[in-house]
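Lettering follows sequence order; numbering is per chain, from 1.
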Amino acid sequence: MDIKYNPEAIELKWQKYWEKNKTFKAEKDTNKKKYYLLEMFPYPSGKIHIGHIRNYAIGDVVARYKRMRGYNVMHPMGWDAFGMPAENAAIENNTHPAKWTYSNIEAMRSQLKRVGFSYDWNREFATCSPAYYKWEQLLFLKMFKAKMAYRKESYVNWCQKCQTVLANEQVESGACWRCKEIVSQKKLNQWFFSITDYADELLDCCDKLPGWPPKVTLMQKNWIGKSIGASIKFFLEDNTKQNYIEVFTTRQDTVFGATFMCLAPEHPLVEKLSQGTERQKAVKEFVEKTIKLNRTDKEFEKQEKEGVFTGKYCINPFTQKKMPIYTANFALMEYGTGAVMSVPAHDQRDFDFAKKYNLEIIVVIQPQDEKLNPLTMTQAYTDEGILINSGEFNGIKNTDAMEAIADKLKKDGSGDKKVNFRLRDWGISRQRYWGAPIPIIYCKKCGIVPVPEKDLPVLLPEDIEIGKKEGSPLQSAANFKKTKCPQCKSEDACRETDTMDTFVESSWYFERYCSPNYQKSIIEKEENNYWMPVDQYIGGVEHAVLHLLYSRYFTRVLNKFGFVNHKEPFTNLLTQGMVCKETHKCAKCGFLFPEQVKPEKQNKKCAICGGEVKTGRVEKMSKSKKNVIEPSELISEYGADTTRLFCLFAAPPERDLEWSKTGVEGSFRFINRVFRIVYTNINTIASASPYTDTPDKLSGEIKKLYKKTHVTIARVTNDIENRFHFNTAISAVMELINELYLIDDNTNTKKDPNLPKVLKFAIQTAILLLSPIVPHVCEELWLVLGHKNGITNAQWPEYRKDALTKDQVEIAAQVNGKIRSKFLSEPDIEDEKLKEIALSDERVLKFINNKPIKKIIVVKNKLVNIVI
RNA sequence: GCCCGGGUGGCGGAACUGGUAGACGCAAGGGACUUAAAAUCCCUCAGCUCAUAGUGGCUGUACGAGUUCAAUUCUCGUCCUGGGCACCA
């Protein structure tokens, strides 16, 4: 055989063919069942990396599979194109962010095309284009008018290096998620989206997303953080009966044990209470010291719980006791009301604090088996028990008193039931240039004025200087900033210079894909109703809370304004694992590239300094760890099909994938095996029509092969359709191919007149089953097999039920649960018959050794277990 | 600290509802073809063990118990590991 597998020639040929024939163009067709498949769109950083390829390969298998199943598949791709790297690159290379971004998009688009993903490129857009962000601005205006977008002054996480505000979600253990700089606190006027209005709904609907991994919905639930409890007012001991501190607690059952109060250092009362007292100086010092160390700071985690007395008292509404008011470093202004009622007997943190400052401890919950003594207690008692020292509630189980105490609070006017969320409103202001401008004008006379809808989009000015001055570049862009007030026409007005968080763009891009070129509004409703919601969404688990929660929120906002009819954007979600590779580290030179490692007899040496090299952990590929694989190199060496195959074969999608050079070679070998099995048999099968009849008319090896082919169809279909376990789908086809090679060698079966037909069916089926995974080579082989219309829209093979049954099954014969013998039998034979065979088996009898049989368990077609 | 995962050969991973552990691939070793190499093909491949070399015996899915005729699978405890949240009142 002269024909050699040449991946590059085959792949370029079919990519051209698909493009020419518009094979993947998706159009609304109400007669067909739609399937909207989406992978998280990339940030155009410049290069596609292997993690993208894995993500998109997974998606492409599903898209191509569904197409073959007759679905009208929409599989779009685009660019999450706003963001900081463009600005950073602009500063470094003295280019404009737009230029940098668009040239990156060019490069990455051609890379993606070279992998042969079945995208409908007609729907492509970049979120940085005015045609896209215009609609985002419109939505902002609608939200502003509905009071869902509002401005408030607040402390924000500030990254000094990136010169920007970060959302809480973008702060990872005290550091900027992008540049790892330690985050500090800054007070600024910010725009917020009121996501908390939907906290309850977003939480409840987590349970209505059966197609999502429970892990992700659990993370969202924790993030939203709903707590049910009560708000309680503690009046100050100032005889006015007007000033009070309000707290939120989940333990109103312990209110009789509240002996002191802790306020967050930022709490407005802290300064007021201590003013003019001898405590003023101490309080001020403490507050200043504590605020400096913000809560996300690394130091903050380690610091001891401490506080200072403000000099004033408040009154416990139930006991009328005086409670000293402290300000404490563990009280958080952002949670609840910034004030904590402290119950030292039943909260460990309060207990430690009370011990430290010698504060009163009152036991109000008595456990069943022991008697708590505040003087001898060594830790707080946080379990259930019976209330004591609690007036009219004495003797009631604490959990039962929750409701009653909340009711009494309400009756007395000193509180109420209350639900509190950890989730806070979404701060979207960014002091950056490369983002969507917030369409707001500040007028000296009229105040905050929204840009009229007819004036949209508010364009990002192109003639700006980046990195020359402190702060946001838009602030120094006079042409942009200076404007007329749309209401009073006064010249004394300026534009908002902050831009929107880039998570805003990615919160609705999946909606825009349905009508990407629609000019009249944000969304063309009929298209949207047809395509949405996304049937399958695929992306990294790192977006479990950020992007996915915002998207759920935005979908509700769009729904509220009547733009869309659905509330949840993604019916099914698959979160794929990272791509990892081993690292090499030299004590002196740090991380090394694989080519910098010299293998020697015993251990590896560093090519730079000659020092010992340690093979480090398998870690996520990253430039800094020097363990990155370049997809383009891989594709030019082995081809796109091999690259795809390996990404899918090495691990199931949800798990991390460990890169292996030899594994890639194995994948390449397999494609070659497939390629060869077609060509070596082509003369035999070329003119044969595939056998599709019942297996009973066949015999011997041919029958076995025919049945194996149907079993393979069943396995692959199940693995793709129900489990996304492409690794086992591939191994099933590998088994079939292995079997085909055995037939090829077997001269006896070569005389069977049914051979060409069955062989054709088997080979053709293998090609069809592989086609979503390695589409190019399959298109080529499909053509070789004589099909002129392309494999992309060929029908997915169906299996025959009568071909799944086995002619013979192997039965394990066990004695006391241990396998002592195996025998072949007809399938589905009577239990009694199986027992009989097992009991006549020599090896089994040897182990029974004439002992009495207690019982015999028979599992049909599987085993016989004799218990003695 | 709290909440989720995960732990299976030299390696990546199979085993779908408790029913024959190790599919498929990689690596390794041996062999065939070849002047040679590459490519390809075939065989072996969890560990220990045996006067019987066999469809032999024993052990084995992180560790220890338990439920069961039967446990990688279910329950409890321990260890390790990955992730999320982290003074949340």
Side-chain angles (χ1 to χ4, degrees), chain A residues 4 173 213-216 218-223 225-227 229 247-251 254 258 262 264 295-296 300-301 303-305 328-332 334-343 347-350 352-353 420-422 541-542 544-545 577-578 618 646 649-652 654-667 669-670 672-673 676 715 718-719 722-723 725 727-735 737-738 741 745 809-823 841-843 846 854-868:
Chain A
K4 221 185 139 198
S173 55
K215 180 186 157 179
V216 173
L218 186 71
M219 277 164 76
Q220 296 210 347
K221 283 181 193 173
N222 291 339
W223 189 263
K226 184 177 183 174
S227 302
V247 304
F248 170 75
T249 180
T250 54
R251 293 299 307 271
T254 63
C262 289
R295 65 178 202 93
T296 46
F300 191 89
E301 289 170 32
Q303 83 180 340
E304 210 180 315
K305 288 158 200 34
N329 60 357
F330 60 79
L332 307 171
E334 312 88 73
Y335 188 79
T337 61
V340 186
M341 84 174 193
S342 294
V343 186
D347 180 287
Q348 191 56 42
R349 190 185 52 199
D350 296 345
D352 296 340
F353 197 85
N420 195 60
F421 292 95
R422 205 189 75 104
V541 73
E542 65 272 21
V545 267
M578 301 180 297
V618 174
F646 177 74
F649 179 63
E654 67 278 6
R655 251 202 253 190
D656 285 351
L657 184 150
E658 196 182 323
W659 197 259
S660 146
K661 171 89 178 164
T662 54
V664 176
E665 277 161 9
S667 295
R669 267 203 291 274
F670 173 66
N672 273 284
R673 268 169 81 77
R676 263 183 289 118
R715 281 174 65 187
N718 179 44
D719 284 345
N722 303 323
R723 310 201 306 160
H725 277 205
N727 56 332
T728 51
I730 293 163
S731 56
V733 184
M734 282 174 168
E735 283 182 44
I737 297 290
N738 288 347
Y741 270 86
D745 291 344
V809 287
E810 195 187 27
I811 306 288
Q814 301 182 325
V815 178
N816 279 352
K818 286 191 180 180
I819 293 162
R820 296 307 181 183
S821 182
K822 291 173 185 178
F823 58 88
D841 189 296
E842 258 177 66
R843 284 179 292 273
K846 203 175 104 193
K854 284 189 192 147
K855 64 171 156 176
I856 303 176
I857 288 127
V858 181
V859 180
K860 232 182 192 40
N861 295 332
K862 293 245 158 101
L863 59 82
V864 179
N865 188 11
I866 298 154
V867 187
I868 55 169

- Query: Expressed as a whole number of Å, how far does the P atom of B:A51 sit from that of B:C43?
  - Reply: 31 Å
- Message: Let's test your reading of the model: under 3.5 Å, does the base of B:C69 pair with the side chain of A:Lys855 as donor and acceptor?
- Response: no
- Query: Which part of the nucleic acid, if any, lies within reach of A:Ala544 when heavy atoms closer than 4.0 Å are counted: base, sugar-phosphate only, or nothing?
  - Reply: nothing
- Message: If the cut-off is 4.0 Å, is A:Arg251 near the phosphate of B:C88, judged by side-chain N/O to OP1 or OP2?
- Response: no
- Task: Please check if the side chain of A:Asp350 supplies one atom and the backbone of A:Val343 the other of a donor-acceptor pair under 3.5 Å.
- Result: yes
- Message: Distance check, C1' atoms only: B:U52 and B:A71, in whole angstrom units.
- Response: 34 Å
- Query: Is the side chain of A:Asp656 donor-acceptor paired with the backbone N or O of A:Met578 at a distance under 3.5 Å, no angle test?
  - Reply: yes
- Message: Keeping A:Asp347 on the side-chain end and A:Ser342 on the backbone end, is there a donor-acceptor pair under 3.5 Å?
- Response: no
- Taking B:A27, B:A14, B:C4 as options, the one with an atom nearest any side-chain atom of A:Thr728 is B:A14
- Task: Answer yes or no: does a side-chain N or O of A:Arg820 lie under 4.0 Å from OP1 or OP2 of B:G57?
- Result: yes
- Going by atom types alone, do A:Asn222 and A:Arg422 pair a side-chain donor with an acceptor below 3.5 Å? no
- Message: Once you apply a heavy-atom cut-off of 4.0 Å, does A:Asp719 come out as touching a base, just sugar-phosphate, or nothing?
- Response: nothing
- Of the candidate nucleotides B:A89, B:C26, B:U20, which contains the atom at the shortest distance from the side chain of A:Leu863? B:U20
- Can you see which heavy atom on A:Val340 is nearest to which on A:Arg349, and at what distance? CG1-NH2, 4.0 Å
- Span that lies between the P atom of B:C63 and that of B:U59, in whole angstrom: 15 Å
- Distance test, side-chain N/O of A:Lys818 to OP1/OP2 of B:U59, below 4.0 Å: yes
- Task: Look at the side-chain N and O atoms of A:Ser227 and state whether any lies under 4.0 Å from the OP1 or OP2 oxygen of B:A89.
- Result: yes
- Message: Is B:G9 syn or anti, taking syn as a glycosidic angle within 90° of 0?
- Response: syn
- Message: Checking base pairs now: Watson-Crick or wobble, both atom distances under 3.5 Å. What partners B:C58?
- Response: B:G47
- If you look at every strand shown and take non-hydrogen atoms under 4.0 Å, does A:Arg715 touch a base, only sugar-phosphate, or nothing? nothing
- Message: Between A:Asn727 and B:A14, is there a contact of a side-chain N or O with OP1 or OP2 at under 4.0 Å?
- Response: yes
- Has A:Arg676 got a side-chain N or O lying under 4.0 Å from the OP1 or OP2 atom of B:A39? no
- Query: Where the side chain of A:Arg349 is concerned, which of B:C41, B:A23, B:A89 is the nearest nucleotide?
  - Reply: B:A89
- Query: What's the closest nucleotide to the A:Asn738 side chain, out of B:A89, B:C24, B:C41?
  - Reply: B:C24
- Taking atom C1' of B:U17 as reference, at what distance in whole Å does atom CZ of A:Arg723 sit? 13 Å
- If we take the P atom in both B:A39 and B:G29, what is their distance in whole Å? 14 Å
- In the strands shown, is B:A27 matched to any nucleotide by a Watson-Crick or G-U wobble pair with both distances under 3.5 Å, and which? none
- Message: With rounding to the closest Å, how many angstrom separate the C1' atoms on B:A14 and B:U20?
- Response: 15 Å
- Could you run down nucleotides 44-53 of chain B 5' to 3' and tag each one B, S or - for protein heavy-atom contact under 4.0 Å? ----------
- Item | Atom-pair distance (CD on A:Glu810; P on B:A21), nearest Å | 11 Å
- Item | Partner nucleotide of B:C79 by Watson-Crick or wobble geometry (both distances under 3.5 Å) | B:G7
- Query: Under 4.0 Å: is that the gap between some side-chain N or O of A:Arg843 and OP1 or OP2 of B:G57?
  - Reply: no
- Query: How long is the gap from CZ on A:Arg676 to NZ on A:Lys4, to the nearest 0.5 Å?
  - Reply: 11.0 Å
- Message: With rounding to the closest Å, how many angstrom separate the P atoms on B:G25 and B:C74?
- Response: 29 Å
- Item | A:Glu542 CD - B:G82 P separation (whole Å) | 18 Å
- Query: Of all the nucleotides listed (B:C87, B:A89, B:G12), which has the minimum atom distance to the side chain of A:Tyr335?
  - Reply: B:A89
- With the side chain counted from C-beta on, respond yes when A:Asn718 and A:His725 share a heavy-atom pair under 4.5 Å apart, and no when they do not. no
- Is there a donor and acceptor pair closer than 3.5 Å between the side chain of A:Lys822 and the base of B:U20? yes
- Indicate, with a heavy-atom threshold strictly under 4.0 Å, whether A:Glu665 touches base, sugar-phosphate, or nothing. nothing
- With a 4.0 Å cut-off on heavy atoms, is A:Val340 in touch with a base, just the backbone sugar-phosphate, or nothing at all? base
- Which part of the nucleic acid does A:Pro214 contact within heavy-atom distance under 4.0 Å: base, sugar-phosphate only, or nothing? nothing
- pair_partner(B:C74), Watson-Crick or wobble, both distances < 3.5 Å, evaluates to B:G66
- Query: Expressed in angstrom and rounded to an integer, what is the separation of A:Leu657 atom CG from B:G12 atom C1'?
  - Reply: 9 Å
- Query: What is the nucleic acid contact for A:Leu218, judged by heavy atoms within less than 4.0 Å: base, sugar-phosphate only, or nothing?
  - Reply: sugar-phosphate
- Query: Looking at side-chain heavy atoms only, is the closest gap between A:Thr728 and A:Arg723 below 4.5 Å?
  - Reply: yes
- Query: Do A:Phe353 and A:Phe330 pass the ring-ring contact (aromatic ring centres under 6.0 Å, His included) test, and can you show the C-alpha distance, the side-chain angles, and the key distance before you say yes or no?
  - Reply: CA-CA 10 Å; A:Phe353 197 85; A:Phe330 60 79; 5.5 Å; yes
- Task: Answer with base, sugar-phosphate or nothing: what part of the nucleic acid does A:Ile819 contact at a heavy-atom distance below 4.0 Å?
- Result: sugar-phosphate
- Query: Say you pick atom C1' in B:C4 and the same atom in B:C41; how far apart are they, in whole Å?
  - Reply: 49 Å
- Within the structure shown, what part of the strands sits under 4.0 Å from A:Gly666 by heavy-atom distance: base, sugar-phosphate, or nothing? sugar-phosphate
- Can you tell me the Watson-Crick or wobble partner of B:C2, both distances under 3.5 angstrom? B:G84
- Note on the structure: Pairing partner of B:A32, by Watson-Crick or G-U wobble and under 3.5 Å for both distances, is B:U40
- Between B:G13 atom P and A:Ile730 atom CD1, what is the distance in whole Å? 14 Å
Acceptor/donor pairs from residues 854-861 of chain A side chains to any protein atom, 3.5 angstrom cut, sequence neighbours excluded:
from     : atom 1 : to       : atom 2 : distance (Å)
A:Asn861 : OD1    : A:Asp828 : N      : 2.7
A:Asn861 : ND2    : A:Asp828 : OD1    : 3.0

- Item | side-chain N/O A:Arg669 vs B:C26 OP1/OP2, d < 4.0 Å | yes
- Mind calculating the distance between CH2 (A:Trp223) and P (B:C85) to the nearest angstrom? 6 Å
- Side-chain atoms of A:Thr662 come closest, of B:G19, B:A27, B:A23, to B:A27
- Message: When the C1' atoms of B:U73 and B:A62 are compared, how many Å lie between them, rounded to an integer?
- Response: 16 Å
- May I ask you to say what A:Asp656 touches in the nucleic acid, namely base, sugar-phosphate or nothing, with a heavy-atom cut-off under 4.0 Å? sugar-phosphate
- Side chains of A:Tyr335 and A:Thr337: closer than 4.5 Å at any heavy-atom pair? no
- Between C1' of B:G84 and CZ of A:Arg422, the distance in whole Å: 10 Å
- Item | Residue-phosphate contact under 4.0 Å: A:Arg655 side-chain N/O, B:G6 OP1/OP2 | no
